[in-house]
Amino acid sequence: MTADIITGTSISKVYATATGPLVALDDVSFDIREGEFISLVGPSGCGKSTLLSILGGLEEKSLGALEIAGTPAGKPRADVGMMFQTSVLFPWRTIRQNVRLPGQVLGLDRKQQAERTEELLDMVGLNGFGDRFPGELSGGMRQRVGLARLLAHDPRILMMDEPFGALDEFTRETMNLELLRIWEATKKTVIFVTHNIGEAVFLSDRVFVMTPRPGRLEGIVTVDLPRPRTTEVMRDPRYSELVFEIRRMLGVDH
Ligand code: ADP
C-alpha cells in the first residue's frame, strides 16, 4: 500500500459574506495516497472549488488540519500544480513560451525546460503548434496548452478544477482519455473536480461525493473498474452501478 500524500482532518471553511457567515465546508476529513486519481463530485455550490483551493493553498481553511507530503499545507507550493476550466494564456507569447512560463518563474534550468517543453507539446498532441499564438487555437487546444503548462515544472500533485468542463462532449472525452494516458505514464496524484458523475467514475480510483448540507463529504466511493480504461468500460454493468450509487448518495434519483 502506498503512503498517504495528502491528509485532511476536520477541515471547515466559513466565508464572511454581506448576509452573514456562509459555511462552505463542514468537518471534511480524508486521506489521499500517492499516485491516486481522486475526483470530487457534487452539485454546484457544495464546496468542491473551495476544497480544491484550500488544498492548493489559494484559500485558507477556517478550521482543521491539512498535510501535504508530510508538511503542513497552506500556501501555493512547487510540488502542486493547478489547472482551471479556462487556461489563462498570455496572448502575446507563443504556445511554447506559455508552456515554459512556470519553469521560468521557478528559475529552473533553461536547457532542460526547453527539452521538456518539446516533450510536453508532443505528449498533449500539440507537436508543430509551438510557434502559434493562443488566439489561433480552439478551446480544446488551449486546454491542451494548459495541460502541458501544468506538467511543465513536474509537480507531484495535480489539482484540476473542471479542466475540460467548457469543452464540447467529444473534445472532453478525448481530453479525459489523454489525461488518463498521461496519468498512467507519470503516476502523479490527481485531484479532479467535476459535477459529471460518469466522468468521475470513468477517471477515478475513488470518488469523493460532496453534498450541499452544507459542504459535507457525504461518502467516498471506490471505483473497482479495471485499468487501463477506455470508453469500453462504460459498457461494464459495474460502471452503471457505481454511477447509480453516487446518484443515490447525491439524492438525484427521482
Ligand atoms: P462548487 O465548486 O461545488 O460549485 P464552491 O466551492 O464554489 O462550490 O462554493 C461553495 C459555497 O461557498 C457556495 O455557496 C459559494 O457561493 C460560496 N463561496 C465560494 N467562494 C466564496 C467567496 N470567495 N466568498 C463568499 N462565498 C463564497
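Every number for a ligand or one of its atoms is a count from 1 in the order of the listing. Position 1 is the first residue of the sequence; numbering continues from there. Given the structure is predicted, the values throughout are model-derived calculations rather than measurements.
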*Dump the intermediate steps for side-chain contact (heavy atoms from CB on, under 4.5 Å) on R144 and E178, then the final yes or no.*
CA-CA 10 Å; R144 286 174 191 270; E178 297 215 2; 3.1 Å; yes
*Between P214 and ligand 1, which residue portion shows a heavy-atom distance shorter than 4.0 Å: side chain, backbone, both, or neither?*
neither
*asked:* Distance alone, cut at 3.5 Å: any donor-acceptor contact between the side chains of E36 and T189?
replied: no
*With a cut-off of 4.0 Å, which atoms of ligand 1 are near a heavy atom of T17?*
25 (C)
*Should the pair E169-R172 be classified as a salt bridge under the 4.0 Å nitrogen-to-oxygen rule?*
no
*Identify the closest protein heavy atom to atom 16 (O) of ligand 1: which residue and atom is it, and at what distance?*
L22 CD1, 4.6 Å
*Under 4.0 Å from a heavy atom of K48: give me the atoms of ligand 1 that qualify, with their elements.*
1 (P), 2 (O), 3 (O), 4 (O), 6 (O), 8 (O)
*Does a side-chain N-to-carboxylate-O contact under 4.0 Å join R238 and D224?*
yes
*asked:* Using salt bridge (Lys or Arg N to Asp or Glu O under 4.0 Å), reason through K48 and E162 one step at a time and then give a plain yes or no.
replied: CA-CA 10 Å; K48 303 183 294 295; E162 299 201 51; 5.2 Å; no
*Is V193 touching ligand 1 with its side chain, its backbone, both, or neither, if touching means heavy atoms under 4.0 Å apart?*
neither
_Tell me the protein heavy atom at minimum distance from atom 4 (O) of ligand 1, and give that distance in Å._
G45 N, 2.7 Å
_How far is atom 8 (O) of ligand 1 from the closest protein heavy atom, and which atom is that?_
G47 N, 3.2 Å
*Would D154 and R116 pass as an ion pair if we require N to O under 4.0 Å?*
yes
*Determine the interplanar angle of the F37 and W183 rings, folded into 0 to 90°, and report it as parallel if under 30°, tilted if 30 to 60°, perpendicular if over 60°.*
perpendicular
_Candidate pair L250 and I197, rule side-chain contact (heavy atoms from CB on, under 4.5 Å), full reasoning_ = CA-CA 10 Å; L250 290 168; I197 301 170; 3.8 Å; yes
*asked:* Give me the nearest non-hydrogen protein atom to atom 18 (N) of ligand 1 as residue plus atom name, then the distance to 0.1 Å.
replied: Y15 CE1, 3.4 Å
*Against heavy atoms of P43, which atoms of ligand 1 measure under 4.0 Å?*
3 (O)
*Mode of T50 contact toward ligand 1 - side chain, backbone, both, neither (heavy atoms, under 4.0 Å)*: both
*Kindly indicate whether atom 20 (N) of ligand 1 is approached by any protein heavy atom to under 4.0 angstrom.*
yes
*asked:* Does the residue A16 have a heavy-atom contact with ligand 1, meaning some pair of atoms that are separated by less than 4.0 Å?
replied: no
*Indicate yes or no: does K187 engage E34 in a salt bridge with an N to O separation below 4.0 Å.*
no
_Quick test: of every protein heavy atom, which one is nearest to atom 7 (O) of ligand 1, and how far off is it to 0.1 Å?_
S49 CB, 3.8 Å
*Does D26 come within less than 4.0 Å of K13, counting only side-chain N to carboxylate O?*
no
*Numbering the atoms of ligand 1 from 1, which are under 4.0 Å from a heavy atom of S44?*
4 (O)
*Would G42 count as a contact of ligand 1 if the rule is a heavy atom under 4.0 Å away?*
no
